[in-house]
Amino acid sequence: MADGTDRQGRQEKPRQFFFDVNEMTGRTNVEIMGDSEEAEKYFDLFGRDLVTKAIIQSPALSVFHESAKPGERVKPHRHGTHQMNYVLSGELIFGRRRVGPGMGFFTPDMLYSWRAGEEGAEWLEIHAGQPGIFVEQRDL
């Protein structure tokens, strides 16, 4: 994973790198946030078991490999960035819209929610910048 900072927290120059998501360690929301009372509000929003592999995090671009179990869901939220999700396998269901392999979803920083289909889902989540977590609709 390249997060754009060195061990002392200084900004690094971007560099080329190769990756294999099969060799990357995935972390659940519990592993990322801990199991504290404060984390519970995020578990209510995103669940505990969503698995994230951070491919790159930089001020200009963040890319994550995500996987969800069958029926797993997230409540309405947004990330403060333009965002595109590209489904690799399984299915994400956004209301009545089903998004399967080779399909995607774009949001210009608006609230959205989804649930994973019967086989679960695996997708790339791409952000223009560093994502945050917001539950209120932004002013248009």
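Applying the 6.0 Å contact sphere to CD of Glu31 captures more than 12 heavy atoms from other residues, nucleotides or ligands.
Contact between His82 and Pro108 at its shortest, heavy atoms only, is CD2-CA, 3.8 Å. Considering all non-hydrogen atoms of both residues, Thr81 and Gln130 come closest at CG2-O, 3.7 Å. Between Ala54 and Gln57, the shortest heavy-atom contact is CB-OE1, 3.7 Å.
Note that OH of Tyr42 and OG of Ser36 are 10.0 Å apart. Values are rounded to the nearest 0.5 Å. Between atom CG of residue Leu92 and atom CZ of residue Arg98 there is a gap of 11.0 Å, rounded to the nearest 0.5 Å. Taking CD1 of Ile126 as the start and CD1 of Ile56 as the end, the distance is 11.5 Å to the nearest 0.5 Å.
The ring of Tyr112 has its center closer than 6.0 angstrom to the ring center of His77. Taking the centre of each ring, His127 and His79 come in below the 6.0 Å mark.
A side-chain N or O of Asn85 and one of Gln83 form a donor-acceptor pair less than 3.5 Å apart. Side-chain contact, Ser89 with Glu122: a donor N or O sits under 3.5 Å from an acceptor N or O.
Counting only residues at least two apart or in different chains, side chain to side chain donor-acceptor pair (under 3.5 Å) contacts with residues 43-53 comprise Asp35-Arg48, Glu40-Arg48, Asp44-Lys75, Thr52-Glu66.
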Side-chain donor-acceptor pairs of residues 16-26 under 3.5 Å, sequence neighbours excluded:
from: Asp20; atom 1: OD1; to: Asn22; atom 2: N; distance (Å): 2.8
from: Asp20; atom 1: OD1; to: Asn22; atom 2: ND2; distance (Å): 3.3

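None of Phe64, Phe105, Trp114, Tyr86 except one satisfies the ring pair (Phe, Tyr, Trp, His ring centres under 6.0 Å) rule with Trp123; the exception is Trp114.
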